[in-house]
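Here is the structure we will look at.
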Amino acid sequence: MNHDDLNRWSKRAADWATTYHRHLRDRPVRPAVAPGAVAAQLPPAPPEAPEPMEAIWADFEAIVPGATTHWQHPRFFAYFPANAAPASMLAEQLANAMAGQGMLWQTAPAATEIEGAMVGWLLHALGLPADWTGTIHDSATTATLSAVLTMREAALDWQGNAEGLAGQPALRLYASAETHSSVDKAARIAGIGQAGLVKVPTLDDRGMDPAALDAAIAADRVAGRRPVGVVLCVGGTSVGAVDPVADCIAVAKAHDLPVHVDAAWAGSAMICPEFRPLWAGIEGADSVVFNPHKWLGAQFDCAVQLMPDPADQLRTLTLKPDYLLTPDTPGVTDYNDWTVPLGRRFRALKLWFVLRAYGLEGLRARIRNHVAWSRELAGRIAALPGLEIVTPPALSLFTFAAADEATTAALLERVNADGRVYLTQTRVDGRLAIRVSVGQFDCTHDDVLCVETVLRELTA
Ligand SMILES: *Cc1c(COP(=O)(O)O)cnc(C)c1O
């Protein structure tokens, strides 16, 4: 295959994609496929001789779409969405066509400078201070890991990087049990350890108890442990819990500790000024992550970390071996210094396309619809016999359950076997609950209300 062939096949791929998206509603959101069924169709070894693209394409069509969970299906209400607005897909095609690698300014001047500009646009869009800065990671997990590594190094005066952690005091990181497992992963990878991650108790609204945070930090100091920082959540993954940002930051600052805020999902909603009271006090944070790939329409992967001052993170993550030096090194931004991986994709392009193609008003309208439709749907489910709301809508996420665990589990199985909608589960204070997360980029009011139709039929 050469670039002329690629041109022909790209046109065919574009046509295929149009048909795929046009008929997505006719497919079950989640395929009825048994584990191992796909692998069983692939030979154990690659071909020795080149194969014609026709044959490869035919196998793609025969094997892949029917065994795919359709994240762009308008009735995908599972987990959180991983949106891909059409303008974002177009940008990805162009980035793919150039296939660059943006580790340094010199290896990607346009990607580097558009990334800087998009960080500025997003600060404006979210109502964050214009003098903050930031970068784009693959995932919120990596952004949180970068922030936690930075906290650790600042607490150890950069001796962890230099000498390792042997001989250092026990390290302590603080987060509530509502924060995402990526915080646990960061604590483990950063050498803080699971035992060093203090799960601070929450109040009745599932937000972190600032007094309990204060007490936990004080007790650790007395015991000779070394607190490194606090991770707050705005929009927890299970039921959308929100920590009281201003109060927790005040406690952290009183102990001279940095704060990272995980708003991976809910951050996108902050383009709507009416939702910003949810994270009031955010300008006191040292780092904030949100995923435009979840709710803003930028195709996976795209996680944006925003911060008032990158100096500590740069000191933690920058390495300048000879083979990465460039004549323009002083004075330019080399974004690999900000992140864990060296190599980086051109993720800023899809942000540029999405923000321009829909405008902030177009993106706000979608998020406002999702929030309003989610509330309406929760009200309708509450009225169905045998079902009750377990947690009310936090933005566009709520949970419901049947009277007992077995009935709830069976109902979820039947909903997903039906295939018209896709829902997933969580536990709320030990109780099994079904999550409904509204936010797919192209979903309509009818798509959202389809959840009620399916539940009504299956519980009748
Ligand atoms: C989805 C999610 C994450 C993890 O996101 P990745 O980008 O997949 O690493 C972290 N925190 C919260 C609150 C999330 O909802």
Side-chain angles (χ1 to χ4, degrees), residues 69 71 76-84 88 122 126 134-149 173-190 197 199-200 202 206-208 230-243 245 248 259-270 275 278-279 282 285 287-306 338-341 344-345 347 350-351 367 370-371 374 391 393-399 424-428 435-440:
T69 299
W71 281 74
F76 182 104
F77 304 108
Y79 306 102
F80 283 132
N83 274 332
S88 167
L122 289 173
L126 300 179
T135 192
I136 306 177
H137 298 264
D138 55 353
S139 63
T141 300
T142 311
T144 294
L145 173 61
S146 304
V148 169
L149 289 168
L173 180 68
Y174 306 86
S176 90
E178 296 286 338
T179 49
H180 188 264
S181 55
S182 54
V183 180
D184 302 68
K185 197 177 267 188
R188 292 172 180 208
I189 297 173
L197 174 57
K199 297 281 173 87
V200 179
T202 50
R206 298 178 200 284
M208 183 187 284
V230 180
V231 179
L232 301 178
C233 76
V234 173
T237 311
S238 176
V239 297
V242 177
D243 290 329
V245 172
C248 291
V259 174
H260 170 69
V261 177
D262 178 0
W265 160 66
S268 293
M270 302 308 168
F275 298 133
L278 265 187
W279 74 0
I282 191 71
S287 169
V288 178
V289 63
F290 88 107
N291 284 352
H293 75 231
K294 275 188 172 149
W295 207 2
L296 213 57
Q299 176 158 356
F300 185 85
D301 50 2
C302 186
V304 174
Q305 184 190 11
L306 302 166
W338 300 54
T339 59
V340 174
R344 359 186 40 250
R345 300 178 60 241
R347 300 190 182 90
K350 55 197 169 193
L351 282 172
I367 286 173
H370 298 159
V371 171
S374 161
T391 56
L395 295 170
S396 64
L397 169 68
F398 67 93
T399 61
T424 51
Q425 80 295 326
T426 188
R427 280 195 185 274
V428 182
R435 292 170 80 261
V436 181
S437 158
V438 178
Q440 207 284 327

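Atoms within each ligand, like the ligands themselves, are counted from 1 in listed order. Residue numbers count from 1 along this sequence.
Scanning all protein heavy atoms for the shortest distance to atom 11 (N) of ligand 1 gives Asp262 OD2, 2.6 Å. Considering only non-hydrogen protein atoms, atom 4 (C) of ligand 1 sits nearest to His180 CE1, 3.4 Å. If you check which protein heavy atom lies closest to atom 7 (O) of ligand 1, you get Ala140 N, 2.7 Å. The protein atom (non-hydrogen) at minimum distance from atom 14 (C) of ligand 1 is Lys294 NZ, 2.8 Å. Closest to atom 8 (O) of ligand 1, if we only count protein heavy atoms, is Ser139 CB, 4.3 Å.
For the pair Trp265 and ligand 1, the shortest N or O to N or O distance does not fall below 3.5 Å. The shortest N/O to N/O separation between Gly236 and ligand 1 does not fall below 3.5 Å.
Listed for the Asp243 side chain is a donor-acceptor partner under 3.5 Å among the backbone atoms of Cys233. In this structure, Lys294 contributes its side chain and Ala303 its backbone to no donor-acceptor pair below 3.5 Å. A donor-acceptor contact shorter than 3.5 Å is absent between the side chain of Asp262 and the backbone of Ala140. Side chain of Arg435 to backbone of Tyr79: a donor-acceptor contact under 3.5 angstrom is found. Under a 3.5 Å cut-off, the side chain of His293 and the backbone N or O of Phe300 do not form any donor-acceptor pair. Not one N or O on the side chain of Ser88 forms a donor-acceptor pair closer than 3.5 Å with the backbone of Lys350.
Residue contacts with ligand 1 for Ala303 are absent, since no atom lies close enough (heavy atoms, distance under 4.0 Å). Under 4.0 Å from ligand 1, heavy atoms of Thr141 appear from its side chain as well as its backbone. Looking at Asn291 against ligand 1, only its side chain comes within 4.0 Å, counting heavy atoms.
Of all atoms in ligand 1, listed by their number and element, those nearer than 4.0 Å to a heavy atom of Ser182 are 10 (C). Close approach to Gly235 involves these atoms of ligand 1, each under 4.0 Å from a residue heavy atom: 13 (C). In summary, the atoms of ligand 1 found under 4.0 Å from a heavy atom of His293, numbered by their order in the structure, are 7 (O). Taking every heavy atom of Phe80 and a limit of under 4.0 angstrom, the matching atoms of ligand 1 come to 15 (O).
Atom CG in Leu278 sits 4.5 Å away from atom CE in Met270 (nearest 0.5 Å).
The neighbour count for Lys199 NZ, taken as heavy atoms of other residues, nucleotides or ligands under 6.0 Å away, is above 12.
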| request: For the pair His260 and Val148, evaluate side-chain contact (heavy atoms from CB on, under 4.5 Å) and give the outcome as yes or no after the intermediate values. | output: CA-CA 8 Å; His260 170 69; Val148 169; 5.6 Å; no

